[in-house]
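Okay, so here's the structure we're looking at.
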Amino acid sequence: MFTETLNPESFWTLSTGTVVELKMKELAINCTHEHPCLSMILDPTDCVWRDYFTKEELVEIEEYEKPVIAALPTEMKVTEQHYNSERESADKGANERTGQDDEPVIRTLASLKTRWNTIHPIVSKFCGHYQCLLNDNRSGLTVEDVILAAKDIFAEMEGHEFHYFDCWKEVLSKSQKWEVHLEVAKDEKKKKKEAKLKEAEKRKASDDEDNDNELLSKRPIGVKKAKDEEAHKRMLNEEREEGRKVLEKQIQLNRERFELMRSRNDMEVLEKDLTGLNDNVREYYEFLQEKITKRMREEKMSQASEGD
């Protein structure tokens, strides 16, 4: 591992006693795809480091030897002030012509709830596709690849682009409250599904009992009731069939996207020029190449056996 070639005396120890290089080694061992840590690069804004450092430690890393931005020259300050003054005058004139004031728009609680009710179901659908892809993730795929695939599947299933990607990426995906909300929503969905199954079982038992009573009484049901029951059964069958088709289409899309991305990533890894790389990175790519070729041989043998 790359830390074994470094001098332990030069390791960076934080005020909490945490050794930065050892934490980077942990991530490198657990990493299933190429990550900057393999090149000894640590970006404290990368969310993956939250599992290895505390918030205080990440702040300490980010603030360490932070470059001081020099003050602007006087001439540039004068230019900036002149520009701001001209822009304020132009904005004021535009507001006067349109009858608007320059006060910031303050949203009411009701308007915020209305806006959230619009955003929430759309983002939840995207998160469903994203989580489904993560659960079926293959080796060699980066988080960016999974996000692109989720966006493509969302557009394919919903008929339009995912317009709230920035809202999800910059706000919701970094919010612990949103993660808790997804878990609660998942549990509620599971409970609703179980409740529907129980209700269906009760309804079936009740229908069986009614059928037994009708057989005992030997009283045939009316024509109108028979038509209504037949129409209801037909509607239920159509809904089940439609849901099954949508699910099969989504699963097929997931498989096709992953196969395409896996082939692309496999090709990039196999064609990677290893000359000029350091020993650790070259060893990592050699491991991936060996893993890919082994999988390809197994798939080829499996296809040959199926053909026989």
Side-chain angles (χ1 to χ4, degrees), residues 1-69 127 130-150 165-166 168-183 186 258 261-262 265-266 268-269 272-292 294-295:
M1 185 56 63
F2 55 86
T3 54
E4 296 176 356
T5 62
L6 301 178
N7 183 9
E9 296 180 358
S10 64
F11 283 1
W12 183 7
T13 303
L14 302 176
S15 59
T16 57
T18 300
V19 180
V20 175
E21 285 79 2
L22 295 182
K23 290 295 182 181
M24 294 179 71
K25 179 179 180 180
E26 290 183 23
L27 175 57
I29 294 174
N30 299 329
C31 198
T32 59
H33 59 277
E34 187 175 1
H35 190 271
C37 71
L38 297 171
S39 300
M40 296 299 292
I41 298 174
L42 194 159
D43 178 9
T45 62
D46 189 345
C47 60
V48 72
W49 292 116
R50 298 177 188 174
D51 297 331
Y52 296 88
F53 297 99
T54 64
K55 292 182 179 179
E56 292 76 14
E57 290 172 341
L58 289 174
V59 171
E60 181 179 349
I61 293 172
E62 188 172 4
E63 295 296 328
Y64 179 73
E65 293 187 357
K66 192 172 184 178
V68 179
I69 300 176
C127 289
Y130 176 71
Q131 191 61 44
C132 181
L133 292 173
L134 281 181
N135 294 339
D136 194 30
N137 198 2
R138 314 283 181 87
S139 61
L141 295 180
T142 64
V143 176
E144 289 75 14
D145 291 332
V146 177
I147 290 175
L148 289 175
F165 177 72
D166 291 337
W168 171 78
K169 182 179 180 181
E170 302 299 334
V171 180
L172 296 177
S173 65
K174 301 177 182 179
S175 171
Q176 185 177 4
K177 188 174 181 180
W178 173 253
E179 296 295 333
V180 174
H181 165 74
L182 290 180
E183 291 296 329
K186 184 177 180 181
F258 269 113
M261 288 192 300
R262 187 178 73 168
N265 282 274
D266 289 351
E268 290 178 357
V269 172
K272 182 73 174 179
D273 185 9
L274 305 185
T275 58
L277 300 178
N278 63 56
D279 295 340
N280 298 304
V281 178
R282 185 172 62 255
E283 182 181 356
Y284 171 73
Y285 274 107
E286 288 174 348
F287 169 76
L288 287 182
Q289 290 175 347
E290 182 180 354
K291 188 176 181 181
I292 291 170
K294 181 180 179 181
R295 187 183 69 241

Roughly how far, to the nearest 0.5 Å, is NE2 of His35 from CG of Asp43?
-> 8.0 Å
Distance in Å, Leu288 CG paired with Glu268 CD, rounded so as to fall on 0.5 Å steps = 12.0 Å
Determine the minimum heavy-atom distance between Trp49 and Leu27, stating which atoms define it.
-> CH2-CD2, 3.3 Å
Sub-4.5 Å side-chain heavy-atom contact between Ile61 and Trp12 = yes
Rounded to the nearest 0.5 Å, what separation is found between the OH atom of Tyr64 and the CG atom of Leu14?
-> 10.5 Å
Between OG1 on residue Thr18 and CD on residue Glu56, distance to nearest 0.5 Å | 11.0 Å
With a 4.5 Å heavy-atom cut-off, do Glu286 and Leu274 have their side chains touching?
-> yes
Gap between atom CZ of Arg50 and atom CG of Leu58 - 0.5 Å precision | 8.5 Å
Anything under 30° is parallel, anything over 60° is perpendicular, the rest tilted; go ahead and classify Trp168 against Phe165.
-> tilted
Establish, from distance only, whether the side-chain atoms of Ser15 and Glu60 form a donor-acceptor pair under 3.5 Å.
-> yes
Answer yes or no: is there a side-chain heavy-atom contact under 4.5 Å between Lys25 and Ile29?
-> yes
Does the Glu290 side chain pair with the main chain of Phe287, one donor and one acceptor, at a distance under 3.5 Å?
-> no
For the residue pair Glu62 and Thr45, what are the closest heavy atoms and their distance?
-> OE2-CG2, 4.4 Å
Would you mind reporting whether Asn30 and Tyr52 have side-chain heavy atoms less than 4.5 Å apart?
-> yes
If you measure only the distance, is there a donor-acceptor pair under 3.5 Å linking the side chains of Tyr284 and Asn278?
-> no
Between Lys169 and Asp166, is there a side-chain N and carboxylate O pair less than 4.0 Å apart?
-> no
Quick one: pull up CD in Glu26 and CG in Asp51 and give me the separation to the nearest 0.5 Å.
-> 11.0 Å
Val281 to Leu38 - nearest heavy-atom pair and separation = CG2-O, 3.9 Å
Taking all heavy atoms of Gln289 and all of Lys272, pick out the closest pair and write down the distance.
-> NE2-O, 4.0 Å
Specify the closest pair of heavy atoms between Phe11 and Leu22, including all atoms of both residues, with the distance to one decimal.
-> CE2-CD2, 4.2 Å
Correct closest heavy-atom pair for Met40 and Glu21 would be CE-CG, 4.2 Å
Mind checking side chain to side chain donor-acceptor pair (under 3.5 Å) for Tyr285 and listing every partner two or more places apart, or none if nothing turns up?
-> Glu34
